[in-house]
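Please read these numbers as outputs of a predicted model, since none were measured by experiment.
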Amino acid sequence: MTLPQTMTHIEITQPGAPDVLQPRQVPVPTAGAGEVLVRVHAAGVNRPDVLQRAGQYPMKPGMNPIPGLEVAGEVVAVGDGVSEFKVGDKVCALTNGGGYAQYCVVPASQALPIPEGLNWEQAAAIPETFFTVWANLFEMGGARQGQRALIHGGTSGIGTTALMLCREFGIQAFATAGTDEKCAVIRELGAEAIHYRDQDFAQVIAEKTAGQGVDVVLDIMGGSYLNSNVAALALEGRLVMLGFLGGAIARDVDLLGIMAKRATVTGSLLRSRTREEKAAIARQLREHVWPVLAAGRCLPMIDKVYPLNEAFRAHARMEAGDHVGKIVLSVAQ
């Protein structure tokens, strides 16, 4: 397959507001050993992209400075040692950065075939979100059939995915949101909605569970919610933190509350996990979730789609907090 020498990608020209995202012409990357080169048709937009753009994401040495943690497209080249994919395969993939581009190199172990019936935008909305939810809610959080879970930010990409998977796997879910409209979406997804502006979520859960609490909390707020999250937990419950929109530092922590509950407090960053760890998550998704998607259930909810060159508009929408589901970039060739 003949490939162009150059492509468009979106650079963070300096830390700042959405308008620092600018298109640039650069050489098309080359797939190394164990990698595939994907011609990108769509790329998902995620909260870590926004934090990275603002200079607030913990970027480690060697991380790709180009945003974009998930893509969907066609394999156009394979590196040495890759046998599971061939040129022409349609895949969605968890990237190590670089997804806001016409072409993106990804480890073959982090790519998965697109389930039958999904379009490019739906497929691009899967990897980062489903990898994150599976690794944190089901693996670290240990959520399983018959248990209860609290999902903060229930109408975000992470939130809607978590709620759909809870319904699929028999987990009673509660979720927070800040508007009546978003609470209605949560109820449509089969969960108990909690309007966090008007209600104390820990108190609501205590009332709804006869004081037993939830087995897992999936949290994006961090410091400001820590004590209330612990209060909402059941005995031996697990609090799994994904973000820190409410602050990265927790003060006046109720250690007695943690001890009394025998609670586990943990968290993770997906991007900093090893290639082997990400590959293991991919295998779990293919076994447990891919058949569900292929059957047409738990499909990602798409909020809005923007052209690649308008990535700044996508970031502005995410920061405004009005979106329900996933924001996606469409990538023209």
- prompt: Tell me, do Leu269 and Arg273 make a side-chain contact under 4.5 Å, heavy atoms counted?
  reply: no
key: Any Cys166 side-chain heavy atom under 4.5 Å of Gln172 side chain   = no
Run the side chain to side chain contact (heavy atoms under 4.5 Å, CB included) test on Gln110 and Asn96 for me, step by step, so that the C-alpha distance in whole Å, both residues' side-chain angles and the decisive distance to 0.1 Å come before the verdict. CA-CA 9 Å; Gln110 293 168 207; Asn96 294 332; 3.3 Å; yes
Exercise for review: Given side chain to side chain contact (heavy atoms under 4.5 Å, CB included), test Val75 with Lys86 step by step and report yes or no.
Suggested key: CA-CA 7 Å; Val75 174; Lys86 64 183 184 303; over 6 Å; no
_For the residue pair Glu207 / Gln203, report whether a side-chain donor-acceptor contact shorter than 3.5 Å exists._
yes
| Sidechain-backbone polar pair: Asp215 side chain, Gly237 backbone, donor-acceptor under 3.5 Å | no
Rounding to 0.5 Å, atoms CG (Asp89) and CD (Glu84) come to a distance of 10.0 Å
Across all chains, not counting sequence neighbours, the side chain to side chain donor-acceptor pair (under 3.5 Å) partners of Lys326 are Asn46, Glu70, Thr129
- Query: Should Lys261 and Glu236 count as an ion pair when the cut-off is N to O under 4.0 Å?
  - Reply: no
Q.
Let me check something: do Val265 and Val253 share a hydrophobic cluster, defined by ILVMFWY side-chain heavy atoms less than 4.5 Å apart, either directly or through other members?
A. yes
* Are His9 and Gln102 linked by a side-chain donor-acceptor pair shorter than 3.5 Å? -> no
Smallest heavy-atom separation, Cys92 atom then Ile114 atom, equals N-CG1, 3.7 Å
So NE2 of His288 and CD of Gln284: to nearest 0.5 Å the spacing works out to 4.5 Å
Kindly indicate whether the side chain of Glu121, heavy atoms from C-beta on, has any atom under 4.5 Å from the side chain of Pro300.
no
Membership question, hydrophobic clusters at under 4.5 Å side-chain separation (ILVMFWY): are Ile302 and Val133 in the same one?
no
So CD1 of Ile220 and OG1 of Thr176: to nearest 0.5 Å the spacing works out to 7.0 Å
* Asked: Does Thr95 use its side chain to pair, donor to acceptor, with the backbone of Val71 at less than 3.5 Å?
  -> no
Could you go through Asn136 and Ser268, starting from their C-alpha distance and side-chain angles, then the distance that decides it, and tell me whether this counts as side chain to side chain donor-acceptor pair (under 3.5 Å)? CA-CA 8 Å; Asn136 289 278; Ser268 72; 2.6 Å; yes
Between Gln14 and Arg53, is any side-chain donor less than 3.5 angstrom from a side-chain acceptor? no
Between the CD atom in Glu11 and the CG atom in Leu21, the distance rounded to the nearest 0.5 Å is 10.5 Å
message: Does Arg286 have more than 12 heavy atoms from other residues, nucleotides or ligands lying within 6.0 Å of its CZ?
response: no
Does Gln145, at its CD atom, have more than 12 non-hydrogen atoms belonging to other residues, nucleotides or ligands within less than 6.0 Å?
no
task = Test salt bridge (Lys or Arg N to Asp or Glu O under 4.0 Å) on Arg275 and Glu35 and set out the steps.
result = CA-CA 11 Å; Arg275 183 176 293 195; Glu35 297 178 330; 3.7 Å; yes
Heavy atoms of Pro29 and Val105 approach each other most closely as CB-CG2, 3.7 Å
In this structure, CD of Glu188 is separated from SG of Cys183 (nearest 0.5 Å) by 11.5 Å
Between Glu277 and Thr274, is there a donor-acceptor pair closer than 3.5 Å when you use the side chain of the first and the backbone of the second?
-> yes
May I ask you to check whether Trp134 and Phe130 place their ring centers less than 6.0 Å from one another? no
Applying ring pair (Phe, Tyr, Trp, His ring centres under 6.0 Å) to Phe201 and not counting sequence neighbours gives His152, Tyr225
Do Gln52 and Arg47 have side-chain atoms, one donor and one acceptor, less than 3.5 Å apart? no
For Ile151 and Gly159 the tightest heavy-atom approach is CG2-CA, 3.9 Å
Leu150 and Leu218: CA distance, side-chain angles, deciding distance, side chain to side chain contact (heavy atoms under 4.5 Å, CB included) verdict: CA-CA 6 Å; Leu150 167 62; Leu218 198 62; over 6 Å; no
Nearest heavy-atom approach of Thr8 to Pro23 is CG2-CB, 3.9 Å
Report task. Evaluate side chain to side chain donor-acceptor pair (under 3.5 Å) for Tyr100 paired with Asp49, printing each intermediate quantity in order. Result -> CA-CA 10 Å; Tyr100 289 14; Asp49 301 336; 2.9 Å; yes
With a 4.0 Å cut-off, would you call Arg317 and Asp303 a salt bridge? yes
- Task: Measure from the side-chain N and O atoms of Arg238 to the backbone N and O of Gly141, and report whether any donor-acceptor pair falls under 3.5 Å.
- Result: yes
Q: Take Val28 and Leu37 through the side chain to side chain contact (heavy atoms under 4.5 Å, CB included) test and state the conclusion after the steps.
A: CA-CA 9 Å; Val28 171; Leu37 177 64; 4.1 Å; yes
### Task
Indicate, with yes or no, if Val328 and Met301 share a hydrophobic cluster defined by side-chain heavy-atom contacts under 4.5 Å among Ile, Leu, Val, Met, Phe, Trp and Tyr.
no
Check: Are there more than 12 heavy atoms of other residues, nucleotides or ligands under 6.0 Å from atom CG of Asp80?
Finding: no
Heavy atoms, side chains only, cut-off 4.5 Å: are Lys90 and Val38 in contact? no
- 4.5 Å side-chain heavy-atom contact, Lys278 and Ser109: no
Within-4.5 Å side-chain heavy-atom neighbours: Leu242 and Leu270 = no
Practice item. Classify the ring geometry between Phe138 and Phe169 as parallel (under 30°), tilted (30 to 60°) or perpendicular (over 60°). Key: perpendicular
Taken to the nearest 0.5 Å, the spacing of Lys60 NZ from Arg271 CZ works out to 11.5 Å
*Regarding Asp200 and Ser228, is there a side-chain donor-to-acceptor distance under 3.5 Å anywhere?*
no
Quick check on the hydrophobic clustering: are Leu163 and Leu137 connected, directly or via other members, by side-chain heavy-atom contacts under 4.5 Å?
yes
query = Between the side chain of Gln22 and the main-chain N/O of Asp19, is any donor-acceptor distance below 3.5 Å?
reply = yes
message: Under a 3.5 Å distance rule, please check whether Glu319 uses its side chain to pair with a backbone N or O of Ala316 as donor and acceptor.
response: no
Is the shortest heavy-atom distance from the side chain of Thr132 to the side chain of Ile158 under 4.5 Å?
yes
Within a radius of less than 6.0 Å around CZ of Arg24, do more than 12 heavy atoms belonging to other residues, nucleotides or ligands occur? yes
In terms of heavy-atom contacts, Ile12 and Pro65 come closest through CD1-O, 4.1 Å
What one should report as the nearest heavy-atom pair of Cys104 and Gly98 is SG-O, 3.5 Å
Note to self: Taking Leu51 as the starting point, is it possible to reach Leu69 by hopping between hydrophobic residues whose side chains are less than 4.5 Å apart?
What the structure shows: no
key: Within-4.5 Å side-chain heavy-atom neighbours: Tyr103 and Met7   = yes
